[in-house]
Chemist: 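Structure below; questions to follow.
Computed from a predicted structure; not experimentally measured.
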Amino acid sequence: MDKTYEPHAIEQRWYDTWEKQGYFKPSGPGEGKEESYCILIPPPNVTGTLHMGHAFQHTLQDALIRYHRMRGFNTLWQPGTDHAGIATQMVVERQLDAEGKTRHDLGREDFINKVWEWREYSGGTITQQMRRLGDSTDWSREAFTMDPGFLQAVAEVFETLFDEGLIYRGKRLVNWDPVLHTALSDLEVISEEENGKLWHLRYPLTDGSGHVIVATTRPETMLGDTAVAVHPEDARYAKLIGKTLKLPLTGREVPIIADDYVDPEFGSGCVKITPAHDFNDYEIGKRHDLEMINLFTPDAKVNENAPKKYHGMDRFDARKAVVEDLEATGALVKIDEHKLMVPRGDRSNAVVEPYLTDQWYMKMRHDDPAKDLGGNAIKAVESGDIKFVPGNWSKTYYQWMNNLQDWCISRQLWWGHRIPAWYDNEGNVYVGQGEDHVREKYDLGKIELRQDNDVLDTWFSAALWPFATLGWPEDTKDLETFLPTNVLITGFDIIFFWVARMIMMTLKFKDVVPFHEIYITGLIRDEHGQKMSKSKGNVIDPIDLIDGIELETLVKKRTAGMMQPQLAQKIEKNTRKSFPEGIKPHGTDALRFTLTALASPSRDINFDLGRLEGYRNFCNKIWNAARYVLMNTEDQDCGIENKEMEFSAADRWIQSRLGKTIAEIEKQVKVYRFDLVANAIHDFTWGDFCDWYLELSKPVLQSEESTDAQKRGTRHTLVNTLEALLRVMHPYMPFITEEIWQRVAPLAGKLPSAGAKTIMLQPHPKSSDYAQDATAETEMHWAMEFILGVRRIRGEMNLSPSKPVPVLLEGVSKDDKEILARQAPLVKFLARLESIEVLDGNPPPSAVALMPGGMKIHLPMAGIIDKDAELKRLDKEIEKTEKNLEGCKRKLSNDNFVKNAPGEVVEQERKRVSEMEGTLKELRVQRERIAAL
RNA sequence: GGGUGCUUAGCUCAGCUGGUAGAGCAUCGCCCUUACAAGGCGAGGGUCGCAGGUUCAAACCCUGCAGCACCCACCA
């Protein structure tokens with residue numbers, strides 16, 4: 001093996017091999033549903049790029065997939081991408097814009113072709129990046145939400161839901177994006193507080209008997225007012241109800257109506273009603289059968305329904321003009337500063353306009369249980385068929401599901417699934433899978449038909465992901481084998497957009513849940529807890545963490561193509577501060593292990609570069625530990641053929657520890673505590689295996705006194721522990737484990753002559769394969785305490801670690817003696833002892849380490865230990881023990897504690913006190929002895 | 001307005017069903033000991049946001065408060 005760990009040198013090579021060999025495919029038919037394990041990837045935007053959130057979620061998914069594949073499940077990780085309607089169309093339109101063209105210049109067909117071209121060109125980026133991450137998805141099944149199969153699935157679903165009355169078309173007020181010229185669903189509208197104004201307007205009564213004052217945040221909409229509302233029980237206005245007002249600027253006559261919606265406490269208690277441009281007003285308008293005057297064109301310019309002078313004005317220009325005119329006519333009473341929630345489109349950032357249009361909707365709630373999409377989806381979680389992890393997310397889910405509005409599914413775009421509906425010249429609508437089918441179904445003969453121009457919301461097809469990817473509407477073996485899938489791993493940001501809708505659709509069309517568990521990951525933020533965003537300039541590209549990036553390149557990358565160039569300077573400064581030397585390469589395995597370790601069940605996860613460096617060092621540690629093992633076992637007898645082996649306590653101890661570690665991992669994987677899985681692996685590998693076991697193996701292998709059987713036993717244990725450990729680590733660090741395993745496995749007799757020569761397809765070790773060895777644990781614990789005791793004195797006395805010292809033992813019990821007989825060489829080696837002698841008579845002046853069992857280890861001071869330093873050390877030790885002892889004694893002196901606490905707890909406390917008292921006594925004796933020198 | 005989450009060492013975070021506070025990084029000593037200086041050995045560092053309560057015992061359970069973050073919602 002190379003002397004240094006170079007992730008670049010190994011990673012891509014192994015991925016190519018795995019993919020070529022078809023190792024990512026499900027292992028076969030399996031033994032049925034119980035033997036299968038399936039995860040559906042949340043499909044990224046086909047033209048997108050990998051970000052930290054993907055890296056995080058993919059790491060966890062791949063870990064689960066590899067873990068279960070190694071445990072013998074018929075395992076499928078279903079990959080694919082989403083056509084991402086608006087997002088993708090916008091990208092291509094922006095490109096056209098650069099050429100000075102619009103999509104209308106090309107026409108629908110050519111434009112769509114252009115988008116497909118763009119998909120061909122850029123669609124490989126994200127899948128290529130997934131390969132860099134080591135994702136073991138079955139690429140042979142890669143799906144795309146506009147595949148022919150999806151076209152069919154979408155059409156079938158649409159037709160069925162339409163025929164059942166669950167999809168309908170209607171003219172309603174929708175969220176209209178005046179920049180993108182399309183309707184949006186409620187979810188695609190982001191409302192944020194902004195500074196605005198509240199204009200107070202005076203509307204005179206038609207009969208000249210006075211006026212009312214109304215307030216508005218959008219004065220231009222007054223041109224479309226068709227009423228003023230007051231509360232029915234508001235005494236101030238009771239006698240005005242039914243009278244009419246003369247609307248300023250237009251002169252139109254509008255009624256004063258009474259409606260419960262009005263809050264008499266707010267403002268003047270009078271509300272202007274613009275049914276065509278406000279959701280509340282729209283409802284009131286329907287209740288009172290008011291006229292709905294649409295004021296705007298699709299790009300939110302004033303239309304011909306307003307007075308002529310405003311025609312063609314943008315709505316914000318119109319606002320200015322209206323306010324000026326109102327002021328001129330004396331209708332403007334006052335203007336207050338006012339904070340308000342402004343709704344904007346999540347893609348265009350344009351202020352959304354409530355707008356009256358014809359759209360398609362999906363009915364979310366229904367009295368008929370068979371048609372109650374929302375209700376059934378709620379029940380699936382309530383019943384426990386679907387479990388959120390962490391469980392709290394079910395509350396969020398319920399909160400939204402219990403307030404479901406019908407879903408506006410049509411979009412006035414070109415890129416997407418065109419709605420399978422046709423109109424005749426009378427405006428009748430016919431729905432079905434294709435024009436021919438429609439003609440037949442409705443027996444239309446040869447009349448002229450025109451297909452609906454709209455496409456479906458991207459999330460409509462995404463909602464079919466669980467069954468459309470597995471072959472639906474065909475009745476496939478895959479559906480039978482893999483649905484319901486086991487777990488969905490995704491972020492909370494798409495619980496409503498995607499998760500809820502998959503649950504509804506899969507229940508409706510397959511009558512099963514799409515997945516049994518939903519593991520909701522936290523959101524990856526930067527090291528200070530800030531959301532990563534282009535405009536903040538704090539985005540970290542996971543590929544840069546893997547490959548490294550020069551500072552200058554990083555600065556350029558972060559400041560290029562800014563929407564607000566003035567931010568560039570600040571971003572550059574912050575970037576130079578955060579990464580003074582750029583980012584060093586860390587490799588995929590280090591990144592994956594870091595993300596695994598960060599996967600605590602919290603809502604936000606701050607990405608800390610320090611952790612990444614730490615785990616890169618961990619990879620290096622593994623690499624070097626492997627080098628040590630190989631150096632001592634390659635071309636040597638590791639006991640594969642010669643069965644005569646003797647296992648030391650250390651050999652048995654490390655196997656026992658490995659078993660415990662695996663048990664911990666088995667437990668934590670089940671509950672998705674990947675952070676604890678990573679901890680268990682890290683602690684065992686570094687703390688037990690490297691720090692102790694490798695060191696413990698040295699005296700055995702290096703000593704001429706060890707027998708061949710002993711050496712064989714240790715070599716065998718070295719190789720087999722490492723080999724099993726690699727299999728345990730593989731799901732989280734696939735590349736380094738494969739690279740090392742290839743060399744180690746043959747020594748452990750594990751590389752099969754036939755079958756897959758990859759760690760990927762080896763069985764994952766089971767805790768039940770490792771016997772717990774209490775004797776070995778006790779014995780090693782004793783040896784370690786001994787060694788640590790000597791080291792502590794050494795450390796505090798600043799004794800050179802390389803200088804051998806003699807020790808004298810006092811208070812040696814029978815047990816101590818037995819263990820010592822076996823472990824003396826080990827202890828001598830690791831504690832760098834010149835000699836170990838059992839004391840006969842009084843000890844010389846010495847520094848002492850106390851063993852838990854009462855044995856004392858004396859380090860004679862003669863010439864090597866400083867008296868004052870030792871006194872200082874003892875004082876510190878005494879003080880610490882006194883403090884602890886006091887606490888325990890206080891507890892025991894409390895009668896209630898002794899009376900009420902469980903017996904074992906009291907007993908434990910008593911034992912602690914007596915131990916500490918003994919220790920304290922010894923320390924004091926020791927101090928006197930030293931002080932007297 | 002309704003809901004959710006967070007607050008533990010200088011930093012980033014663990015702490016599972018209440019029983020003497022942990023890790024990594026950073027800091028301070030001593031070491032280039034033939035796997036590893038991306039390392040080894042040792043050390044220091046926390047009245048667990050604040051105030052109450054329950055309990056023999058609270059970082060953990062309950063109540064209130066403060067700060068931070070997020071989600072949902074139609075107040076003109």
Chemist: Send over the distance from A:Asp263 CG to B:A73 P, rounded to a whole Å.
Modeler: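 Nearest whole value for this atom pair: 21 Å.
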Chemist: Using heavy-atom distances to pick each residue's nearest nucleotide on RNA chain B, tell me which of A:Gly269 and A:Trp393 is more 5'.
Modeler: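 Residue closer to the 5' terminus by nearest nucleotide: A:Trp393.
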Chemist: Which part of the nucleic acid, if any, lies within contact of A:Tyr261, taking any heavy atom under 4.0 Å across all strands shown: a base, the sugar-phosphate backbone alone, or nothing?
Modeler: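 Here A:Tyr261 touches the bases of the nucleic acid.
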Chemist: Once you apply the 3.5 Å cut-off to both distances, tell me the Watson-Crick or G-U wobble partner of B:U34, or none.
Modeler: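 Paired with B:U34, as far as the under-3.5 Å criterion goes, is no nucleotide at all.
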Chemist: Side chain of A:Lys880, heavy atoms from C-beta onward: which of B:A73, B:G44, B:A35 has the nearest atom to it?
Modeler: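 It is B:G44.
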Chemist: For A:Leu630, which contact category applies under a 4.0 Å heavy-atom criterion: base, sugar-phosphate, or nothing?
Modeler: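 If one applies the 4.0 Å heavy-atom cut-off, A:Leu630 turns out to touch nothing in the nucleic acid.
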Chemist: If you measure from the C1' atom in B:C60 to the same atom in B:U54, how many Å do you get, rounded?
Modeler: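 Going atom to atom, C1' in each nucleotide, I get 14 Å.
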Chemist: Base, sugar-phosphate or nothing for A:Phe279? Non-hydrogen atoms, less than 4.0 Å.
Modeler: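 No contact at all - A:Phe279 keeps every heavy atom at 4.0 Å or more from the nucleic acid.
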Chemist: Starting the side chain at C-beta, find the nucleotide from B:C72, B:C13, B:A69 nearest to A:Ser600.
Modeler: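 When the side chain of A:Ser600 is considered, B:C13 is the closest of B:C72, B:C13, B:A69.
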Chemist: What does A:Glu695 touch in the nucleic acid at a heavy-atom separation under 4.0 angstrom: a base, only the sugar-phosphate, or nothing?
Modeler: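 Base contact.
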Chemist: Could you tell me which nucleotide pairs with B:U55 by Watson-Crick or G-U wobble geometry, both distances under 3.5 Å, or answer none if nothing does?
Modeler: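 Check on B:U55: unpaired, no WC or wobble geometry under 3.5 Å.
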Chemist: Taking only side-chain nitrogens and oxygens of A:Arg832, does any of them come within less than 4.0 Å of OP1 or OP2 of B:U33?
Modeler: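 So the side chain of A:Arg832 is outside the cut-off, no N or O lying under 4.0 Å from OP1 or OP2 of B:U33.
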Chemist: Taking the side chain of A:Asn392 as its heavy atoms from C-beta onward, which of B:G44, B:G5, B:A14 lies nearest to it?
Modeler: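 The nucleotide sitting nearest to the side chain is B:G5.
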Chemist: Which nucleotide, B:G39, B:A35, B:C13, lies nearest any side-chain atom of A:Trp686?
Modeler: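 Of the options given, the side chain of A:Trp686 lies nearest B:G39.
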Chemist: How would you label the contact of A:Arg603 with the nucleic acid (heavy atoms, under 4.0 Å): base, sugar-phosphate, or nothing?
Modeler: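 Here A:Arg603 touches the bases of the nucleic acid.
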Chemist: If you define the side chain from C-beta out and look only at heavy atoms, does anything of A:Tyr732 sit under 4.5 Å from A:Asp589?
Modeler: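 Not in contact.
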Chemist: When you check the gap from the basic side-chain N to the acidic O, do A:Lys698 and A:Glu695 get nearer than 4.0 Å?
Modeler: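 Here A:Lys698 pairs with A:Glu695 in a salt bridge, since their nearest N and O are under 4.0 Å apart.
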Chemist: CZ of A:Arg743 versus P of B:A35: gap in Å, rounded?
Modeler: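 Distance check: A:Arg743 CZ to B:A35 P gives 18 Å.
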Chemist: Are A:Phe674 and A:Tyr519 an aromatic pair by the rule of ring centers under 6.0 Å?
Modeler: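 Close enough - the centres of the two rings lie under 6.0 Å apart.
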Chemist: What's the closest nucleotide to the side chain of A:Asp608 if the choices are B:U12, B:C75, B:A35?
Modeler: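 Nucleotide nearest to A:Asp608's side chain: B:U12.
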Chemist: Need one value for A:Asn620: base, sugar-phosphate or nothing, where a base atom within 4.0 Å counts as base even if backbone is also close, heavy atoms only.
Modeler: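 The answer is base, as A:Asn620 lies within the cut-off (heavy atoms under 4.0 Å) of a base atom.
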Chemist: Return the nucleotide paired to B:C16: Watson-Crick means purine N1 to pyrimidine N3 with N6-O4 or O6-N4, wobble means G-U with N1-O2 and O6-N3, both under 3.5 Å.
Modeler: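 Check on B:C16: unpaired, no WC or wobble geometry under 3.5 Å.
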Chemist: Only pairs with both distances under 3.5 Å count, Watson-Crick or wobble alike; so what is the partner of B:A21 in this structure?
Modeler: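 Checking every strand shown, B:A21 finds no partner, since no pair has both distances under 3.5 Å.
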Chemist: State whether A:Phe388 and A:Lys395 meet the cation-pi test: NZ (Lys) or CZ (Arg) under 6.0 Å from the six-membered ring centroid, and within 45° of the perpendicular axis.
Modeler: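 Output no; distance or angle outside limits.
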Chemist: Among B:A14, B:A76, B:G19, find the nucleotide with the atom closest to the side chain of A:Phe897.
Modeler: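 Closest nucleotide to the A:Phe897 side chain: B:G19.
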Chemist: In whole Å, measure the gap between the C1' atoms of B:G67 and B:A58 for me.
Modeler: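 Each nucleotide's C1' atom is 23 Å from the other's.
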Chemist: Would you mind checking if A:Asp259 and A:Arg287 are paired as a salt bridge, meaning a charged N to carboxylate O distance below 4.0 Å?
Modeler: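 A:Asp259 and A:Arg287: salt-bridged.
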Chemist: Quick one: look up who B:A69 pairs with, Watson-Crick or G-U, both distances under 3.5 Å, and put none if it's unpaired.
Modeler: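 Paired with B:U4.
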Chemist: Using the ring of each side chain (for Trp, its six-membered ring), is A:Phe618 parallel, tilted or perpendicular to A:His682, with breaks at 30° and 60°?
Modeler: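 The arrangement is tilted - the two ring planes meet at 30° to 60°.
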Chemist: Would you mind classifying the nucleic acid contact of A:Cys690 as base, sugar-phosphate or nothing, using non-hydrogen atoms under 4.0 angstrom?
Modeler: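 Counting heavy atoms under 4.0 Å across all strands, the contact made by A:Cys690 includes a base.
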Chemist: When A:Cys270 is tested against each of A:Leu245, A:Val230, A:Asp234 for side chain to side chain contact (heavy atoms under 4.5 Å, CB included), which residue passes?
Modeler: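 Passing option: A:Val230.
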Chemist: Please determine if A:Arg912 and A:Glu909 form a salt bridge, counting it only when a charged side-chain N lies under 4.0 Å from a carboxylate O.
Modeler: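 The answer is yes: the pair qualifies as a salt bridge.
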Chemist: Quick one: A:Phe388 CZ to B:U4 P, roughly how many Å, whole number?
Modeler: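 For the pair A:Phe388 CZ and B:U4 P, the rounded distance is 16 Å.
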Chemist: Which nucleotide wins on minimum distance to the side chain of A:Asn894, given the candidates B:A38, B:A76, B:C56?
Modeler: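 Looking only at side-chain atoms, A:Asn894 lies closest to B:C56.
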Chemist: Between A:Asp875 and A:Arg873, is the salt bridge (Lys or Arg N to Asp or Glu O under 4.0 Å) condition met? List the steps.
Modeler: CA-CA 6 Å; A:Asp875 283 340; A:Arg873 186 182 78 89; over 6 Å; no
Chemist: Looking only at the side chain of A:Asn624 (C-beta and beyond, no hydrogens), which of the listed nucleotides B:A35, B:A69, B:A14 gets closest?
Modeler: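 Minimum distance to the A:Asn624 side chain belongs to B:A35.
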Chemist: Indicate, with a heavy-atom threshold strictly under 4.0 Å, whether A:Ser602 touches base, sugar-phosphate, or nothing.
Modeler: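 Sugar-phosphate contact only - A:Ser602 comes under 4.0 Å of backbone atoms but never of a base.
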Chemist: If you draw the axis of the six-membered ring of A:Trp407, does the NZ or CZ of A:Arg172 fall within 45° of it and under 6.0 Å from the ring centre?
Modeler: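 A:Arg172 over A:Trp407 ring: no.
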Chemist: In whole angstrom, give the distance that lies between atom CG of A:Asp691 and atom P of B:U33.
Modeler: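 For the pair A:Asp691 CG and B:U33 P, the rounded distance is 17 Å.
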Chemist: Look at the side chain of A:Thr216 and decide which nucleotide, out of B:A76, B:A43, B:G19, has an atom nearest to it.
Modeler: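 Selected nucleotide (nearest to the side chain): B:A76.
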Chemist: Report the distance from atom CG of A:Asn900 to atom C1' of B:G19, rounded to the nearest whole Å.
Modeler: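 It is 14 Å, rounded to the nearest whole Å.
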Chemist: For B:C11 and B:C72, measure between their C1' atoms and round to the nearest Å.
Modeler: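 Each nucleotide's C1' atom is 34 Å from the other's.
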Chemist: With sugar-phosphate meaning primed atoms plus P, OP1 and OP2, does A:Arg627 contact a base, only sugar-phosphate, or nothing at under 4.0 Å between heavy atoms?
Modeler: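 Sugar-phosphate only.
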Chemist: Between B:G39, B:C41, B:C13, which nucleotide has the shortest distance from any of its atoms to the side chain of A:Arg611?
Modeler: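 Closest nucleotide to the A:Arg611 side chain: B:C13.
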Chemist: Classify the nucleic acid contact of A:Leu788 as base, sugar-phosphate or nothing, counting any heavy atom under 4.0 Å across all strands shown.
Modeler: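 Since only primed, P, OP1 and OP2 atoms lie under 4.0 Å of A:Leu788, the category is sugar-phosphate.
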Chemist: Name the pairing partner of B:G42, where a pair is Watson-Crick or G-U wobble with both distances under 3.5 Å, or state none.
Modeler: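 Pair assignment: B:G42 / B:C28.
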Chemist: Taking the nucleotide of RNA chain B with the nearest heavy atom to each, does A:Leu694 or A:Lys531 sit closer to the 5' end?
Modeler: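 Its nearest nucleotide being more 5', the pick is A:Leu694.
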Chemist: So A:Lys621, base contact, sugar-phosphate only, or nothing? Heavy-atom distance under 4.0 Å.
Modeler: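 It contacts base atoms.
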Chemist: I need the CD1-C1' distance between A:Ile256 and B:A76, as an integer number of Å.
Modeler: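 It is 16 Å, rounded to the nearest whole Å.
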Chemist: What's A:Asn884 touching, base or sugar-phosphate or nothing? Going by heavy atoms closer than 4.0 Å.
Modeler: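 Answer is base: heavy atoms of A:Asn884 come under 4.0 Å of a base.
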Chemist: Is the phosphate of B:G42, meaning OP1 or OP2, less than 4.0 Å from a side-chain N or O of A:Arg794?
Modeler: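 Negative; the distance criterion is not met.
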Chemist: At 4.0 Å (heavy atoms only), tell me whether A:Val262 reaches a base, stays on the sugar-phosphate, or touches nothing.
Modeler: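 Answer is base: heavy atoms of A:Val262 come under 4.0 Å of a base.
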Chemist: What does A:Trp199 touch in the nucleic acid at a heavy-atom separation under 4.0 angstrom: a base, only the sugar-phosphate, or nothing?
Modeler: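 It contacts nothing in the nucleic acid.
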Chemist: Whole angstroms only, please: what is the CG-P distance between A:Asp2 and B:A38?
Modeler: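 Rounding to the nearest Å, CG of A:Asp2 and P of B:A38 are 18 Å apart.
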Chemist: So, does A:Lys698 get its side chain near the phosphate of B:A35, meaning an N or O under 4.0 Å from OP1 or OP2?
Modeler: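 Affirmative; the distance criterion is met.
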Chemist: Check whether any side-chain N or O of A:Asn617 sits under 4.0 Å from OP1 or OP2 of B:G39, and answer yes or no.
Modeler: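 Indeed, a polar side-chain atom of A:Asn617 lies that close.
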Chemist: Quick one: is A:Arg673 getting a side-chain N or O under 4.0 Å of the B:G15 phosphate, OP1 or OP2?
Modeler: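 The answer is yes; a side-chain N or O of A:Arg673 sits under 4.0 Å from OP1 or OP2.
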Chemist: To the nearest Å, give me how far apart NZ (A:Lys667) and P (B:U17) are.
Modeler: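 Answer to the nearest Å: 10 Å.
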Chemist: If B:C50 has a Watson-Crick or G-U wobble mate with both distances under 3.5 Å, name it; if not, just say none.
Modeler: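 Pairing partner: B:G64.
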